[in-house]
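Since the structure comes first, as structure tokens, the remarks are kept for the end.
Fair warning: this is a prediction, and the values are worked out from it, not measured in the lab. A, B, ... follow the sequence lines: proteins, then strands. Residue 1 opens every chain.
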There are 2 protein chains.
Amino acid sequence: MTMEFEKLADILKALADPTRLKILSLLRIRDCCVCELVPIFNISQPAISKHVSRLKTAELVRETRKGQWVFYSINEKRLEEIGYALSHLPDLSEELRKLEQQGLTVTCE
Amino acid sequence: MTMEFEKLADILKALADPTRLKILSLLRIRDCCVCELVPIFNISQPAISKHVSRLKTAELVRETRKGQWVFYSINEKRLEEIGYALSHLPDLSEELRKLEQQGLTVTCE
DNA sequence: GAACCATATAACCATATTGTTATTTATATA
DNA sequence: TATATAAATAACAATATGGTTATATGGTTC
């Protein structure tokens, strides 16, 4: 199954930040709560909170409340989906065929 | 080999746009020049030019001038690298160990 | 050389992103 | 109930992104 460009771009945007990539790396080792992540980074608690929220919206992580803490876990399946989607982008042969029919293709040599 | 978070994030940012993903899909079928890409999208020639330039900076495409045209081709290797990097993010066990030593880990239940 | 076509760059604008501090909400505990 | 801690949200600022139109650059052809 191919993934729509807009949807794939949205998930890639969620991934495309060094802080969020580092958070995912940490979650790959074990689930963490926000207060554990904060001292690892040089940014504020609300900044971390917004980053994990962004990851959650993209379904790259899941949250579980445990008492006063909210633990985040990685969604490995979602990450695999991205790798798959990148190697199976939608087939646009039709677009190029239309271009040819309109005489807009460039042939040289 | 793992990829630095900043570098990986930069390449993912180059990928994280529906127009650029669609351009990559088209290039997967065959090399295209800018003037072929323009009529496929609803945006101006300079906009397309900037998108391919962004992809080139991230080494996701390569350019070859042929007469007055500049043909762009996909760099499949780079795309494979991204998939690999996502499944082999840097190991941050050390960071979590430091956290433990500082008594900042949260244990509940 | 002049005119033409393809592409890149410049200057600009609207919106998105990523951080901040202050405050609110949720839960645990004295 | 009052207080403390964890996390989320609000309001804001600086910068990045993605588009525009106008112009410059590179190459071809008359």
Side-chain angles (χ1 to χ4, degrees), chain A residues 5-6 9-24 26-27 31-58 60-73 99 103-109, chain B residues 5-7 9-24 27 31-58 60-73 99 103-109:
Chain A
F5 294 118
E6 284 76 12
D10 279 344
I11 305 172
L12 287 170
K13 270 179 199 159
L15 273 177
D17 176 89
T19 301
R20 291 194 289 271
L21 286 172
K22 191 168 177 182
I23 290 174
L24 287 176
L26 290 162
L27 296 184
D31 298 358
C32 291
C33 56
V34 173
C35 69
E36 288 179 314
L37 295 173
V38 170
I40 294 175
F41 297 88
N42 265 338
I43 57 176
S44 64
Q45 173 267 318
I48 297 288
S49 183
K50 277 199 287 186
H51 279 303
V52 291
S53 164
R54 185 95 203 256
L55 289 170
K56 201 183 68 174
T57 302
L60 287 159
V61 303
R62 296 217 180 80
E63 68 170 39
T64 319
R65 179 171 278 277
K66 287 189 182 168
Q68 53 188 157
W69 300 281
V70 177
F71 279 80
Y72 288 90
S73 57
L99 207 68
L104 294 173
T105 49
V106 172
T107 38
C108 55
E109 283 163 329
Chain B
F5 294 118
E6 284 77 10
K7 189 180 174 186
D10 279 345
I11 305 172
L12 287 170
K13 271 178 199 160
L15 272 177
D17 177 88
T19 301
R20 290 193 290 271
L21 286 172
K22 192 168 177 181
I23 289 174
L24 286 177
L27 296 184
D31 299 357
C32 291
C33 56
V34 173
C35 69
E36 287 178 316
L37 295 172
V38 171
I40 294 175
F41 297 88
N42 265 337
I43 57 177
S44 64
Q45 173 268 317
I48 296 289
S49 185
K50 279 201 286 186
H51 279 304
V52 292
S53 163
R54 183 94 204 256
L55 289 170
K56 201 183 69 173
T57 301
L60 286 159
V61 303
R62 297 217 179 81
E63 67 170 39
T64 317
R65 179 172 278 277
K66 287 188 182 169
Q68 53 189 157
W69 299 280
V70 177
F71 279 80
Y72 288 90
S73 56
L99 207 69
L104 295 172
T105 50
V106 172
T107 40
C108 57
E109 282 164 331

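Across the protein-nucleic acid pair, A:Leu12 atom CG and C:dT17 atom C1' stand 16 Å apart, rounded to whole Å. For the pair B:Ile43 CD1 and C:dA8 P, the interatomic distance rounds to 13 Å; values are reported in whole Å. Between the CZ atom of A:Phe41 and the P atom of D:dA7 there is a distance of 14 Å, given to the nearest Å. Summarising the geometry, the separation between CG on B:Asp17 and P on C:dA16 is reported as 13 Å, rounded to the nearest angstrom. Atom CG of B:Leu104 and atom C1' of D:dA6 are 14 Å apart (whole Å). Following rounding to the nearest Å, B:Asn42 (CG) and D:dG19 (P) show an atom-to-atom distance of 11 Å. Atom CD in A:Glu63 sits roughly 17 Å away from atom P in D:dA6 (whole-Å rounding). Between the CD atom of B:Glu36 and the P atom of C:dA6 there is a distance of 11 Å, given to the nearest Å.
Of the inter-residue distances, the one linking A:Leu12 atom CG with A:Phe5 atom CZ reads 12.0 Å to the nearest 0.5 angstrom. A distance of 6.0 Å separates CD of A:Glu36 from OG1 of B:Thr105, quoted to the nearest 0.5 Å. Of the inter-residue distances, the one linking A:Asp10 atom CG with B:Asp17 atom CG reads 10.5 Å to the nearest 0.5 angstrom. Distance check, rounded to the nearest 0.5 Å: CZ of A:Phe71 to SG of A:Cys32 gives 8.0 Å. How far CD of A:Glu63 is from SG of A:Cys33: 12.5 Å, rounded to the nearest 0.5 Å.
Paired with B:His51 under the rule side-chain contact (heavy atoms from CB on, under 4.5 Å), one option of B:Leu37, B:Val61, B:Thr19 passes, and it is B:Thr19.
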Could you pull out every donor-acceptor pair under 3.5 Å between side chains of residues 40-48 of chain B and any protein atom, sequence neighbours left out?
{"unit_1": "B:Ser44", "atom_1": "OG", "unit_2": "B:Ala47", "atom_2": "N", "d": "3.4"}

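Between A:Tyr72 and D:dA8 there is a side-chain polar atom (N or O) within less than 4.0 angstrom of OP1 or OP2. A sub-4.0 Å separation between OP1 or OP2 of D:dG19 and a side-chain N or O of B:Ser44 is absent.
Within residues 47-57 of chain B, the residues approaching DNA chain D are B:Ala47, B:Lys50, B:His51, B:Arg54, by heavy-atom distance under 4.0 Å.
Between B:Val34 and A:Lys13, the residue whose closest nucleotide on DNA chain C is further toward the 5' end is B:Val34.
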Evaluation steps, side chain to side chain contact (heavy atoms under 4.5 Å, CB included), between A:Leu27 and A:Ser73
CA-CA 6 Å; A:Leu27 296 184; A:Ser73 57; over 6 Å; no
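Although no hydrogens or angles enter the test, the distance criterion places no donor-acceptor pair under 3.5 Å between the side chain of B:Arg20 and the main chain of B:Lys22.
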Distances under 3.5 Å between nitrogen or oxygen atoms of protein and nucleotides 22-30 of chain D:
none

